[in-house]
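Just so it is clear, the values below take in all heavy atoms, side chains as well, and ignore hydrogens, waters and symmetry mates.
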Amino acid sequence: MALLPGINAPEDLRGLSVTQCEALAGEIRDFLIENVAVTGGHLGPNLGVVELTLAIHRVFDSPRDPIVWDTGHQSYVHKIVTGRRDFSTLRQGGGLAGYPQRSESVHDIVESSHASSSLSWADGISKAFDMTGQADRHVVAVIGDGALTGGMSWEALNNISHDNSRRLVLVVNDNGRSYAPTIGGMARFLSTVRTRRTYRSLHRLSWAIARRLGGPARAFYRGVRGGVRGFLARFTNNQALYSNLDIKYIGPIDGHNLRDVQRALEQAKDYGSPVIVHVITEKGRGYAPARQNDADNFHAIGSFDPITGEELGASVNSWTSVFSDELVTIAKENPSVVGITAAMLSPTGLDALADAFPDRVFDVGIAEQHATTSAAGLAFGGLHPVVAVYATFMGRAFDQVLMDVALHRAGVTFVLDRAGVTGPDGASHHGMWDLAMLHIVPGIRIAAPRDALTLREELREAVAVADAPTVVRFPKGAVVDSIPAERRTADGVDVLRSSKQRDVLVVGMGAMVPVALAVADRLTSNGVGCTVVDPRWVIPVADSIVDLAREHRLVVTIEDGIRVGGIGTHIRQVLRRAGVDTGVDELGLPDEFLEHDTRGAILARVGLTAEDISSKILDQLRGAQVPSAKPTKR
């Protein structure tokens with residue numbers, strides 16, 4: 001008889017035997033494969049944490065004992081056992097979020113899906129409990145070995161080790177991977193612990209002996225075994241990392257042995273001070289197509305055939321693939337070009353450069369701040385680094401962009417993938433703040449290509465800049481080959497549509513150019529003269545934009561970044577400084593956190609469709625809120 005239908009809350013797990021829970025783990029894996037095959041999502045990470053999640057909820061009392069997931073993409077099993085088993089609309093509008101979300105459940109604590117923050121959250125929560133008379137409550141943080149490459153996690157550990165009086169359990173979910181295999185010294189250390197023969201022999205012997213002992217003797221033996229293991233670690237591993245943190249360490253534990261994981265968590269719970277529980281898991285556990293996928297073990301996948309593991313749907317030419325191919329071509333021509341990624345070699349397209357030039361690509365782990373300042377150093381040494389990250393993660397390195405790159409006039413190119421509205425991954429993954437954030441950096445130059453052709457052009461132009469930071473941003477998904485221009489101005493602005501009647505100047509930026517052109521079609525059909533331009537480089541604002549604005553009755557800017565303080569605001573300020581009094585209507589995303597949905601649905605909800613924009617412009621013109629038509633410049 002199936003067990004999963006009877007699991008609607010964590011307490012339902014506690015009535016099951018370990019054998020029943022092991023059977024339940026198999027049902028959950030089948031459930032995940034069946035459902036994620038339809039909707040897409042983060043499959044590999046969740047297949048790897050089934051037993052771990054069950055053990056955590058059997059030992060701790062969520063939500064009284066808060067569980068913080070880092071990152072939240074590994075929380076699907078947590079959602080299932082906390083009463084959210086309807087995965088039919090996972091990551092779709094109105095459906096289950098792909099990450100923890102407080103509005104869904106009291107069991108979800110941290111919504112952000114940016115890595116390496118869980119230990120700081122846990123530190124703060126446990127301190128608050130201690131200070132408010134709730135010291136009997138436990139806090140559990142689950143952090144992957146990939147997230148441990150982020151400096152913020154070590155800042156937190158430094159503070160946690162300073163105060164050893166709190167009930168804080170730090171579970172290191174060690175699968176040797178973030179998206180791809182984890183890199184760096186931390187990864188080498190954990191790999192050594194995972195594979196050390198001395199440890200494995202001691203581990204097997206100790207458990208064999210422990211099973212033959214009674215309860216008190218077994219507890220004593222565990223303590224002796226821990227001391228022996230610590231002693232041996234000093235001889236078998238020079239780093240002795242965990243002991244130097246002055247935090248109790250338990251592990252490594254086989255993360256798919258439910259009995260062992262549960263026993264380790266019970267020990268940690270009873271200890272009364274911060275404890276690290278090191279759990280070894282396999283990403284994609286129990287599903288051969290995921291395990292055999294060397295790139296990322298199905299870390300994130302679209303809909304797929306659950307039998308074969310093959311992704312469904314026709315392959316498309318993506319923005320990422322165009323960037324990837326062009327960068328390799330540029331690198332062949334320019335030996336100074338190097339690539340930097342923050343644990344996202346394949347997702348950002350730098351894998352092709354790494355294949356072609358293995359010594360010219362640096363994966364620094366989940367460490368955007370380090371990546372940025374290291375890039376400044378590479379530029380100082382005579383190279384031109386191309387730092388490829390998702391736009392949503394650029395905020396983590398803003399100080400370094402400002403003070404290490406821009407202040408030092410370093411020639412560093414930042415390529416921001418997944419810019420604007422990304423869709424199903426929700427609020428923390430939309431790349432909607434980069435334009436408003438970065439355009440204030442002195443000397444920076446920001447490009448927003450509209451198609452594959454301009455992406456190639458602008459990437460080349462960016463890499464040619466040696467004395468300032470440059471940014472090339474583009475959205476997620478398919479790219480069109482070319483959206484032709486009528487002409488290009490002397491300062492590089494593409495005029496896509498023009499009219500003798502100078503009523504409205506529409507400035508479409510990057511991925512919003514097709515919308516701008518559709519707006520022009522609607523305005524033209526209503527007798528309104530419309531000029532559409534693509535600045536190509538949105539910062540600095542080109543002189544030709546100022547000249548064209550002077551000739552029109554109204555300027556409308558359209559961007560897929562936040563409207564408040566965005567590029568439209570910057571253009572308006574430039575016009576005012578130039579003495580141009582033409583009205584400017586700045587259209588963009590609202591300054592709010594946007595829930596998960598398709599890109600199209602989100603843009604429609606916030607009014608960034610051709611129909612909504614053209615209707616608004618026509619209402620303005622009919623309401624005499626703008627001056628009369630300006631004569632055509634001769």
(message) Taking salt bridge (charged side-chain N to carboxylate O under 4.0 Å, His left out) as the definition, give me every residue that meets it alongside R84, ordered by chain and number, with sequence neighbours left out.
(response) E104, D108
(request) Could I get the full list of salt bridge (charged side-chain N to carboxylate O under 4.0 Å, His left out) partners for E310, not counting sequence neighbours? (result) none
(message) Under 4.0 Å between a side-chain nitrogen and a carboxylate oxygen: does that hold for R29 and E34?
(response) no
(request) State plainly whether the residues D560 and R599 are in salt-bridge range, i.e. N to O under 4.0 Å. (result) yes
Can you tell me how far apart [atom1] ([X]) and [atom2] ([Y]) are? Round to the nearest 0.5 Å.
{"X": "L353", "Y": "T341", "atom1": "CG", "atom2": "OG1", "value": "11.0 Å"}
{"X": "I109", "Y": "I67", "atom1": "CD1", "atom2": "CD1", "value": "8.0 Å"}
{"X": "L157", "Y": "L148", "atom1": "CG", "atom2": "CG", "value": "7.0 Å"}

For [X], side-chain hydrogen bond (donor to acceptor under 3.5 Å, both in side chains) partners two or more places apart:
{"X": "S318", "result": "S321"}
{"X": "W433", "result": "none"}
{"X": "T413", "result": "H384, T470"}

(request) Would you please indicate if the ring centroids of H429 and Y99 are separated by under 6.0 Å? (result) yes
Would you say that [X] contacts [Y] through its side chain, given a criterion of any heavy-atom pair below 4.5 Å between the two side chains?
{"X": "T422", "Y": "P475", "answer": "no"}
{"X": "L416", "Y": "Y390", "answer": "no"}
{"X": "I539", "Y": "V471", "answer": "no"}
{"X": "N175", "Y": "E282", "answer": "no"}
{"X": "I567", "Y": "M509", "answer": "yes"}
{"X": "Q369", "Y": "M152", "answer": "no"}
{"X": "V472", "Y": "F414", "answer": "no"}
{"X": "L453", "Y": "D481", "answer": "no"}

Of the non-hydrogen atoms in [X] and [Y], which two are nearest, and what is the gap between them?
{"X": "A343", "Y": "D363", "result": "N-OD1, 2.9 Å"}
{"X": "F357", "Y": "A331", "result": "CE1-CB, 3.9 Å"}
{"X": "S153", "Y": "L119", "result": "O-CD1, 3.7 Å"}
{"X": "V493", "Y": "A542", "result": "CG2-CB, 3.5 Å"}
{"X": "A516", "Y": "V506", "result": "CB-CG1, 3.6 Å"}
{"X": "L52", "Y": "V279", "result": "CD1-CG2, 4.3 Å"}

N/O donor-acceptor pairs under 3.5 Å from side chains in residues 391-411, not counting sequence neighbours:
{"residue": "T392", "atom": "OG1", "partner": "H114", "partner atom": "NE2", "Å": "2.9"}
{"residue": "T392", "atom": "OG1", "partner": "S428", "partner atom": "O", "Å": "2.6"}
{"residue": "R396", "atom": "NE", "partner": "E368", "partner atom": "OE1", "Å": "3.4"}
{"residue": "R396", "atom": "NH1", "partner": "A115", "partner atom": "O", "Å": "3.1"}
{"residue": "R396", "atom": "NH2", "partner": "A115", "partner atom": "O", "Å": "2.7"}
{"residue": "D404", "atom": "OD2", "partner": "T373", "partner atom": "OG1", "Å": "2.6"}
{"residue": "H408", "atom": "ND1", "partner": "M403", "partner atom": "O", "Å": "3.1"}
{"residue": "H408", "atom": "ND1", "partner": "D404", "partner atom": "O", "Å": "3.1"}

Whether the side chain of [X] engages the backbone of [Y] through a donor-acceptor N/O pair (distance < 3.5 Å, no angle test) should be reported.
{"X": "W121", "Y": "V68", "value": "no"}
{"X": "D70", "Y": "I143", "value": "no"}
{"X": "D597", "Y": "I602", "value": "no"}
{"X": "E311", "Y": "G302", "value": "yes"}
{"X": "H78", "Y": "P100", "value": "no"}
{"X": "K283", "Y": "L43", "value": "no"}
{"X": "E559", "Y": "G508", "value": "no"}
{"X": "H430", "Y": "L594", "value": "yes"}
{"X": "S324", "Y": "G349", "value": "yes"}

(request) Can you run down the salt bridge (Lys or Arg N to Asp or Glu O under 4.0 Å) pairs that involve residues 414-432, sequence neighbours left out, and say none if there aren't any? (result) R91-D425
(message) Please list all pairs meeting salt bridge (Lys or Arg N to Asp or Glu O under 4.0 Å) that have one or both residues in residues 427-454, counting only residues at least two apart or in different chains.
(response) D434-R473, R445-D467, R450-D494, R450-D534
(message) The test is side chain to side chain contact (heavy atoms under 4.5 Å, CB included); show your working for V389 and V387 and say whether it passes.
(response) CA-CA 7 Å; V389 298; V387 182; 4.2 Å; yes
(request) Decide if atom CZ of R563 counts as having more than 12 heavy atoms of other residues, nucleotides or ligands within a radius under 6.0 Å. (result) no
(message) V338 vs F362, test: side chain to side chain contact (heavy atoms under 4.5 Å, CB included). Steps then yes/no.
(response) CA-CA 8 Å; V338 296; F362 307 98; 4.2 Å; yes
(request) Answer with yes or no whether the side chains of E586 and T557 bring together a donor and an acceptor at under 3.5 Å. (result) no
(message) Whether the N173 and T281 side chains hold a donor-acceptor pair (N or O, under 3.5 Å, no angle test) is what I'd like checked.
(response) yes
(request) Hey, can you tell me if Y76 and F87 have their rings parallel, tilted or perpendicular (30° and 60° cut-offs)? (result) perpendicular
(request) Return the orientation label for the H439 and H570 ring planes: parallel under 30°, perpendicular over 60°, tilted otherwise. (result) perpendicular
For [X], give me all partners under side chain to side chain contact (heavy atoms under 4.5 Å, CB included), at least two apart in sequence or on another chain.
{"X": "T89", "value": "Q92"}
{"X": "A37", "value": "F304, P306"}
{"X": "H370", "value": "V364, A367, S374"}

(request) Mind checking ring-ring contact (aromatic ring centres under 6.0 Å, His included) for H256 and listing every partner two or more places apart, or none if nothing turns up? (result) none
(request) Just do the salt bridge (Lys or Arg N to Asp or Glu O under 4.0 Å) check on R456 and E461 with the steps written out, would you? (result) CA-CA 9 Å; R456 294 187 183 96; E461 293 168 10; over 6 Å; no
(request) Test V463 against N334 for side chain to side chain contact (heavy atoms under 4.5 Å, CB included), laying out the working first. (result) CA-CA 9 Å; V463 170; N334 184 349; 4.2 Å; yes
(message) side chain to side chain contact (heavy atoms under 4.5 Å, CB included) for I276 and V172? Distances and angles first, verdict last.
(response) CA-CA 7 Å; I276 292 173; V172 176; 3.9 Å; yes
